[in-house]
S.K.: 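Provided herewith is a single structure, encoded as structure tokens, for subsequent inquiry.
Each chain gets a letter, A, B and so on, in the order the sequences are listed, and its residues count up from 1. Just so we're clear, the structure is a prediction, and the values are computed from it rather than from any experiment.
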Amino acid sequence: MSDAPSRIPAQDDDRIVTPNFVTAVVDDDLKHGRVDTIVTRFPPEPNGYLHIGHAKAICLDFGVAEDYRGRTNLRFDDTNPTTEDPEYVDAIKRDVAWLGFTWSEERYASDYFEQLYQLALRLIRMGDAYVDSQSEEAIREGRGTVTEPGVASPYRDRSVEENVDLFERMRAGEFADGAHVLRAKIDMASTNMIMRDPVLYRIRRAHHYRTGDAWPIYPLYDFAHPLSDAVEGVTHSLCTLEFVNNREIYDWLVERLFDAPLPHQYEFSRLALDHTVVSKRKLLRLVQGGFVDGWDDPRMPTLAALRRRGYTPESIREFVNRVGVTKTNARTDLGLLEASVRDDLNQQAPRVMAVLDPIPLRIEGLPATALGMHDASLWPHDVPREGTRPLPLEEQVWIERSDAALEPPKGWKRFAPGVAVRLRHGPVVQCDRVEVDESGLVTGVTGHVVDPEGDGLKVSGVVHWVAQGAAVPAEFRLVDRLFADPDPEADERDITEKVNPDSLRVVRGYVEPYVVQADADTRWQFERQGYFWRDPVDGRGDAVVFTRIVTLKDGWARKESERSEPVKKPVAPKAEPSRSAGVEPDKVAALDAAGAERLARLEALGVPRGDAVRIAGDADLADWWFEAFEAMATPDASALANWAVNELPRGLGDVPLRDARLTPASFAELVTLLVDGTIAAAVAKDLLPEIVQAGGSPAALVQERGLGRLEDEAALAGQVTAVLDAHPDEVASYLAGKEGLAGFFVGQVMRATKGRADAASVNAAVREALAARR
RNA sequence: UGGCCCGUCGUCUAAUGGCAGGACAACCGGUUUUGGUCCGGUCGGUCGGGGUUCGAAUCCCUGCGGGCCAGCCA
């Protein structure tokens, strides 16, 4: 491969993906030379539009590769001819590009059909796959359930020759749909349902949008995906959490069919957003049922819709970064997405005025000099950008209906009888009369100028407006969440019944004339209302249609709603106090005869019951432990058991005990070193994982590195003083009451001594030294 | 019910076994010709119970809670 090797970004600010558990894996793989060029892939199925959840996967797949100077393939996972369509291929490419990512190569799983077919043949010849001729129902029944093992298919033991023959005839198109399938021969009793002889190929005599009628058989995801990764040289195959169970078949296949370096799969949690659904099937239903106006209806969570609505790609990438990448099942507040666009648009969007629900304001006493065009800044004082637009003022202007009230609530800063309010970029007008119809609806306001130049008077209220003669009529589409319910998928009710009837409100009002003369792609802030832009589909040219991208934060509206509906205190659900039931007796009862015998031996040796039960319950561990015990120079069953139970697991990490380089004898040696006082516990803990990985004799390592226990009390006191002197601020905080810092000092001293000091003594010494400084 | 994955402020997310931190939201105040922005501050969290350790969000056991798996979908 001609690529430059990947490297770990020098600085975290050089990254586009903020560090997470995936980048930690990548860092580690690079550091240990397991890979040298990072290759990822983004593998959408072209059966629907990409949505905000995909944005997370895209940013991760492409972002990680970019950060490490690797590459990313865009691979269409098109193995199911009945659902896929080239329309979606185009849409997906458009969306990925829009987000700002460039793929290294455009690939299709269907490109690999021949190769995959040959691999399947190889698997059959290896005896690892067979043609099953049971009906679909029979296969399902044979699979068993999560609690009962499956039963073998009567065709499971067909000869290799017969399997090859049948599979070749499947490929030749000799059989009807469903007559046979190819299955991996794994384990019908596996606790992982996916490993119960998963189906690899099915007969589907359907037209494929790319391969046409060339193939009557199609591979399934579990077969095609790992092998496509392997042929592309993917190093890190990132996918969402629901595929964790599939990792086992992924590894099973690539290990059998490919040589190292093999691709590895890592799973992260998918992005669930409040008030939205991100299931392609459900989105399809909304589109096909006409509940929305198409995949790009601005209420939809698709990238196409977000783009049409006016979201910027930067804001979506920022949002994805704020959400982060973890394995926890998370549900993200829609406010986080909105905050991300607002942050972006606040810097980008020129400020202009529009009235969405207009009522007339008649201004009396306006001097002739005040009429006509004025220059008004497009930017507020705090956005460091230049530019003005001509803004006409007339005696009759439109103002917002919600900016006038006959009987205002407390704290009101808008028009009400007697109240003076500033027109933005214009004069201060005192309200003389508020007109109201029989239903109480405000229909107009009359007022007089109190400050024609608009710069003498200090008033707290400022209101937006548009001069009537110059005003341009416009349609405004006020988009709101598609579902009022924060978790519309929580129950089984059909999604289409839950569509928020107010998710799209269309109103007619006015914008100032400058707005329609400017670049139609401009995202505007209509002051005090929100960010808008002209709908790219329905609102260009003569059609003046604005879509609201997002509202402004509105502190007043918040207070208003509190006034009208005081929040009910949610009753805190009482946590049922859970008693830890008699754990030990249960465990003891669960032991088989051999286990009980091991338990007895352990206890006879003086191992405390809790540890003894733990070890006895695991036959492999117990054998290993007894062997270690035999090897102990000065036998201390209790300490050995303590370490086997409490420290061994961490030392092992992901390494199974049988694969560890740590032998029972070296474990015994290590524990002995600790018990006889040769080394401190911290050193033993440091050494353990190292020996697990690399092997070696603890005593030799201690000798070689001079890790013997530090006995010199004066030296210790010196270290404590040095640490305290080096951290005067922390000492001050400690003395001021932040006692948690004691641990920090102890940690520093331990580090300085490479763990050779006795922690308890350090702890005592630190506290003493600190007390002396009080 | 079996296996696997996961539990940290309201939400999202940090923290080699060593100061539980950040963002969003909320609240209070300041600046402001946007009830916006910005600035300052406040509130607020390690799911429960045991164990190991000088020291546990982190390691072990256990209980509880959530998610995924019984497609010839991906």
Side-chain angles (χ1 to χ4, degrees), chain A residues 43 45 47 77 79-80 83 136 139-140 143-148 150 177-178 181 190-194 196 199 201-204 218 220-222 225 241-246 248 267 269 274 280 322-324 326-333 335-336 339-340 342 346 351 380-383 411 413-414 422-426 454-455 459-464 525 527-529 552-559 575-581 583 586-587 610 613-614 642 645-647 649-650 681 685 730 733-734 738 740-748 750-751 758-764:
Chain A
E45 185 190 10
N47 68 345
D77 240 331
T79 56
N80 184 359
T83 57
E136 200 173 334
I139 289 179
R140 185 163 44 244
R143 190 149 31 221
T145 69
V146 290
T147 49
E148 317 152 38
D177 284 11
V181 291
S190 173
T191 52
N192 181 355
M193 294 293 291
I194 289 176
R196 322 247 259 228
V199 175
Y201 267 90
R202 78 283 220 188
I203 300 172
R204 189 80 104 231
Y218 292 91
L220 278 95
Y221 171 88
D222 277 328
H225 195 89
L241 238 31
E242 65 268 27
F243 292 98
V244 238
N245 297 319
N246 304 61
E248 204 174 342
E267 312 85 14
S269 74
D274 276 350
K280 275 200 260 183
R322 291 184 189 185
V323 168
T326 63
K327 292 171 90 80
T328 41
N329 300 307
R331 169 152 219 101
T332 297
D333 191 335
L336 198 61
S340 303
R342 287 194 190 107
N346 180 46
R351 273 45 169 195
H381 62 96
D382 49 270
V383 176
K413 301 205 288 192
R414 293 111 97 141
R422 177 182 304 284
L423 298 189
R424 175 74 162 146
H425 300 298
D455 46 12
V459 288
S460 55
V462 182
V463 137
H464 61 274
Q525 186 194 105
E527 293 207 47
R528 305 209 301 136
Q529 315 238 48
L552 253 30
K553 253 168 61 178
D554 187 350
W556 175 251
R558 226 166 29 227
K559 282 185 186 152
E576 206 46 44
S578 71
R579 288 276 94 209
S580 82
V583 164
D586 285 359
K587 284 286 222 176
V613 170
R614 269 282 294 142
N642 184 347
V645 169
N646 290 300
E647 301 299 336
R650 191 214 306 266
K685 288 178 189 179
E730 282 81 3
S733 309
Y734 177 88
K738 196 163 177 175
L741 279 164
F744 165 74
F745 297 122
V746 174
Q748 292 295 316
M750 291 303 289
R751 191 158 311 169
D758 172 61
S761 321
V762 172
N763 196 33

S.K.: Applying a 3.5 angstrom cut-off to the pairing atoms, does RNA chain B sit in any stems of at least three consecutive Watson-Crick or G-U pairs? List them by first number.
M.R.: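 RNA chain B forms these stems: B:2-7 with B:64-69, B:10-13 with B:21-24, B:26-30 with B:38-42, B:47-51 with B:59-63.
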
S.K.: Quick one: label K280(A) by what it contacts on the DNA or RNA (base, sugar-phosphate, nothing), any heavy atom closer than 4.0 Å.
M.R.: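 Result for K280(A) = nothing.
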
S.K.: A23(B), C69(B), U34(B): which one has an atom nearest the side-chain heavy atoms of R322(A)?
M.R.: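 Nearest to the side-chain atoms of R322(A), counting from C-beta on, is A23(B).
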
S.K.: Please give the distance between the P atoms of U58(B) and U1(B) as a whole number of Å.
M.R.: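 Each nucleotide's P atom is 26 Å from the other's.
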
S.K.: Choosing from A14(B), C59(B), C69(B), which nucleotide comes nearest the side chain of T326(A)?
M.R.: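 So the nucleotide nearest the side chain must be A14(B).
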
S.K.: Which nucleotide wins on minimum distance to the side chain of D77(A), given the candidates C60(B), A74(B), C4(B)?
M.R.: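 Closest of the options to the side chain of D77(A): A74(B).
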
S.K.: Could you tell me whether the phosphate oxygens of G50(B), OP1 or OP2, come under 4.0 Å of any side-chain nitrogen or oxygen in R614(A)?
M.R.: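 Indeed not, no polar side-chain atom of R614(A) lies that close.
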
S.K.: What distance do K685(A) atom NZ and E647(A) atom CD have between them, rounded to the nearest 0.5 Å?
M.R.: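 Rounded to the nearest 0.5 Å, the NZ-CD separation comes out at 4.5 Å.
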
S.K.: Which is it for R528(A) and V462(A) under the side-chain contact (heavy atoms from CB on, under 4.5 Å) test, yes or no, and what are the steps along the way?
M.R.: CA-CA 10 Å; R528(A) 305 209 301 136; V462(A) 182; 5.7 Å; no

S.K.: Measure the distance from CG on D274(A) to P on A25(B) and round it to the nearest whole Å.
M.R.: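 In whole Å, A25(B) P and D274(A) CG are 14 Å from each other.
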
S.K.: Of K553(A) and R751(A), whose closest RNA chain B nucleotide lies nearer the 5' terminus?
M.R.: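 That would be R751(A).
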
S.K.: Check this one for me: any side-chain N or O of R528(A) less than 4.0 Å away from OP1 or OP2 of G35(B)?
M.R.: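 Yes, R528(A) has a side-chain N/O under 4.0 Å of OP1/OP2 on G35(B).
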
S.K.: What distance, rounded to whole Å, do you find between the two P atoms, one in C43(B) and one in G10(B)?
M.R.: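 It comes out at 14 Å once rounded to the nearest Å.
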
S.K.: Would you indicate what L552(A) reaches in the nucleic acid, counting non-hydrogen atoms under 4.0 angstrom: base, sugar-phosphate, or nothing?
M.R.: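 It contacts base atoms.
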
S.K.: Taking the side chain of V323(A) as its heavy atoms from C-beta onward, which of C12(B), G36(B), U53(B) lies nearest to it?
M.R.: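 Among the listed nucleotides, the one closest to the side chain of V323(A) is C12(B).
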
S.K.: Roughly how far, to the nearest 0.5 Å, is CG of D333(A) from CZ of R322(A)?
M.R.: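 Going from the CZ atom of R322(A) to the CG atom of D333(A) covers 12.5 Å.
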
S.K.: Measure from the side-chain heavy atoms of D382(A) and tell me the nearest of C19(B), G36(B), C72(B).
M.R.: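 Ranking C19(B), G36(B), C72(B) by closest atom to the D382(A) side chain puts G36(B) first.
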
S.K.: Please give the distance between the C1' atoms of G45(B) and C24(B) as a whole number of Å.
M.R.: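 To the nearest whole Å, 15 Å.
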
S.K.: Which residue, R422(A), E527(A), R414(A), forms the side chain to side chain contact (heavy atoms under 4.5 Å, CB included) with V463(A)?
M.R.: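 One option only clears the test, and that one is R414(A).
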
S.K.: Classify G178(A) by what it touches in the nucleic acid, base, sugar-phosphate, or nothing, heavy-atom distance under 4.0 Å.
M.R.: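 Counting heavy atoms under 4.0 Å across all strands, the contact made by G178(A) includes a base.
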
S.K.: OP1, OP2 of U13(B) versus side-chain N and O of T328(A): anything below 4.0 Å?
M.R.: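 It does, given that an N or O in the side chain of T328(A) lies less than 4.0 Å from OP1 or OP2 of U13(B).
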
S.K.: Considering only side-chain heavy atoms of D333(A), which listed nucleotide, G55(B), U11(B), G2(B), is closest?
M.R.: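 Looking only at side-chain atoms, D333(A) lies closest to U11(B).
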
S.K.: Taking C60(B) as the reference, what is the distance to C4(B) when you measure between their P atoms (whole Å, please)?
M.R.: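 Straight-line distance between the two P atoms is 14 Å.
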
S.K.: Remember a base hit wins even if backbone is also touched, and classify F745(A) as base, sugar-phosphate or nothing at under 4.0 Å, heavy atoms.
M.R.: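 Nothing: the residue F745(A), judged by heavy atoms under 4.0 Å, touches no strand.
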
S.K.: Ignoring backbone atoms, test whether R204(A) places a side-chain nitrogen or oxygen under 4.0 Å from the OP1 or OP2 oxygen of C73(B).
M.R.: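 Answer is yes, contact under 4.0 Å.
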
S.K.: Given the rule in the side-chain contact (heavy atoms from CB on, under 4.5 Å) test, do Q748(A) and V762(A) qualify, once you have shown the distances and angles that lead to the verdict?
M.R.: CA-CA 10 Å; Q748(A) 292 295 316; V762(A) 172; over 6 Å; no

S.K.: Determine the contact category for N80(A): base if any of its heavy atoms lies under 4.0 Å from a base atom, sugar-phosphate if only primed atoms, P, OP1 or OP2 are that close, otherwise nothing.
M.R.: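 Result for N80(A) = sugar-phosphate.
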
S.K.: C1' atom, G71(B) versus A20(B): distance in rounded Å?
M.R.: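 Approximately 45 Å lies between the C1' atom of G71(B) and that of A20(B).
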
S.K.: Suppose you measure atom C1' in U34(B) against the same atom in G66(B); what distance do you get, rounded to whole Å?
M.R.: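 Between the two C1' atoms, the distance is 43 Å.
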
S.K.: Taking atom CD1 of I194(A) and atom CG of D222(A), what is their separation to the nearest 0.5 Å?
M.R.: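 Here the interatomic distance stands at 5.5 Å.
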
S.K.: Could you measure between the two P atoms, the one in U42(B) and the one in A23(B), and give it in whole Å?
M.R.: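 Pairwise P distance, U42(B) against A23(B), rounds to 13 Å.
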
S.K.: Out of C73(B), C69(B), C60(B), which has the shortest distance to the side chain of P649(A)?
M.R.: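 That would be C60(B).
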
S.K.: After noting the C-alpha distance and the side-chain angles of H225(A) and T79(A), does the key distance pass the side-chain contact (heavy atoms from CB on, under 4.5 Å) rule?
M.R.: CA-CA 9 Å; H225(A) 195 89; T79(A) 56; over 6 Å; no

S.K.: Contact class for R196(A) (heavy atom, under 4.0 Å): base, sugar-phosphate, or nothing?
M.R.: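 No contact.
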
S.K.: With a non-hydrogen cut-off below 4.0 angstrom, is K738(A) in contact with a base, only sugar-phosphate, or nothing?
M.R.: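 K738(A): base contact, heavy atoms under 4.0 Å.
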
S.K.: Between C72(B), U34(B), G2(B), spot the one nearest the side chain of V146(A), thanks.
M.R.: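 For the V146(A) side chain, the nearest candidate turns out to be G2(B).
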
S.K.: Measure from the side chain of N346(A), starting at C-beta and using heavy atoms only, and say which of U1(B), U13(B), G36(B) lies closest.
M.R.: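 Selected nucleotide (nearest to the side chain): G36(B).
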
S.K.: Checking all strands, does E730(A) fall into the base, sugar-phosphate, or nothing category for heavy-atom contacts under 4.0 angstrom?
M.R.: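 Base, at least one base heavy atom under 4.0 Å.
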
S.K.: As an exercise, state the distance from CG of N346(A) to CG of D382(A), rounded to the nearest 0.5 Å.
M.R.: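 Atom-to-atom, N346(A):CG and D382(A):CG are 7.0 Å apart.
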
S.K.: Answer with yes or no whether Q525(A) presents, from its side chain, a donor or acceptor under 3.5 Å of a partner atom in the base of U34(B).
M.R.: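 Under the 3.5 Å cut-off, the side chain and the base do form a donor-acceptor pair.
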
S.K.: Reckon V645(A) touches a base, only the sugar-phosphate, or nothing at all at heavy-atom distances under 4.0 Å?
M.R.: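 Counting heavy atoms under 4.0 Å across all strands, the contact made by V645(A) is with sugar-phosphate only.
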
S.K.: For G17(B), does the glycosidic angle fall within 90° of 0 (syn) or outside that (anti)?
M.R.: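 Classified anti.
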
S.K.: Can you tell me how far C1' of G36(B) sits from CD of E527(A), to the nearest Å?
M.R.: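 Whole-Å distance recorded here is 9 Å.
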
S.K.: Under 4.0 Å from OP1 or OP2 of A74(B): is there any side-chain N or O of R202(A) that close?
M.R.: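 So the side chain of R202(A) is within the cut-off, an N or O lying under 4.0 Å from OP1 or OP2 of A74(B).
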
S.K.: Between E45(A) and V244(A), which residue's closest nucleotide on RNA chain B lies nearer the 5′ terminus?
M.R.: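 Closer to the 5' end of RNA chain B: V244(A).
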
S.K.: My understanding is that only one of N246(A), V146(A), N245(A) makes a side chain to side chain contact (heavy atoms under 4.5 Å, CB included) with N192(A); could you say which?
M.R.: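 The option that passes is N245(A).
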
S.K.: Between T79(A) and A74(B), is there a side-chain N or O to OP1/OP2 distance below 4.0 Å?
M.R.: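 Yes, within the criterion.
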
S.K.: Would you call I203(A) and V181(A) a side-chain contact if the rule is heavy atoms closer than 4.5 Å?
M.R.: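 Answer no - side chains too far apart.
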
S.K.: How would you label the contact of V746(A) with the nucleic acid (heavy atoms, under 4.0 Å): base, sugar-phosphate, or nothing?
M.R.: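 V746(A): base contact, heavy atoms under 4.0 Å.
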
S.K.: Mind checking whether L552(A) and Q529(A) have side chains closer than 4.5 Å, heavy atoms only?
M.R.: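 No - every pair of side-chain heavy atoms lies 4.5 Å or more apart.
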
S.K.: Taking the minimum atom-to-atom distance to the side chain of N245(A), which one of U34(B), C4(B), A70(B) wins?
M.R.: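 So the nucleotide nearest the side chain must be C4(B).
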
S.K.: What does N246(A) touch in the nucleic acid at a heavy-atom separation under 4.0 angstrom: a base, only the sugar-phosphate, or nothing?
M.R.: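 Counting heavy atoms under 4.0 Å across all strands, the contact made by N246(A) includes a base.
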
S.K.: What contact category does G461(A) fall into here, base, sugar-phosphate, or nothing, at under 4.0 angstrom with non-hydrogen atoms?
M.R.: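 Contact class for G461(A): none.
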
S.K.: Just verifying a value: how many Å separate T83(A) OG1 and E45(A) CD, rounded to the nearest 0.5 Å?
M.R.: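 Spacing of OG1 (T83(A)) from CD (E45(A)) equals 4.0 Å.
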
S.K.: Regarding L741(A), tell me which of base, sugar-phosphate or nothing describes its non-hydrogen contacts under 4.0 Å with the strands shown.
M.R.: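 Base contact - L741(A) has a heavy atom under 4.0 Å of at least one base atom.
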
S.K.: Is there aromatic stacking of F744(A) on G18(B) here, judged by a ring-centre distance under 5.5 Å and a plane angle under 30°?
M.R.: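 The base of G18(B) is not stacked with F744(A) (the test needs centres under 5.5 Å and planes under 30°).
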
S.K.: Using the P atom on both, measure A15(B) against C47(B) and round to a whole Å.
M.R.: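 The same atom, P, in both gives a distance of 15 Å.
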
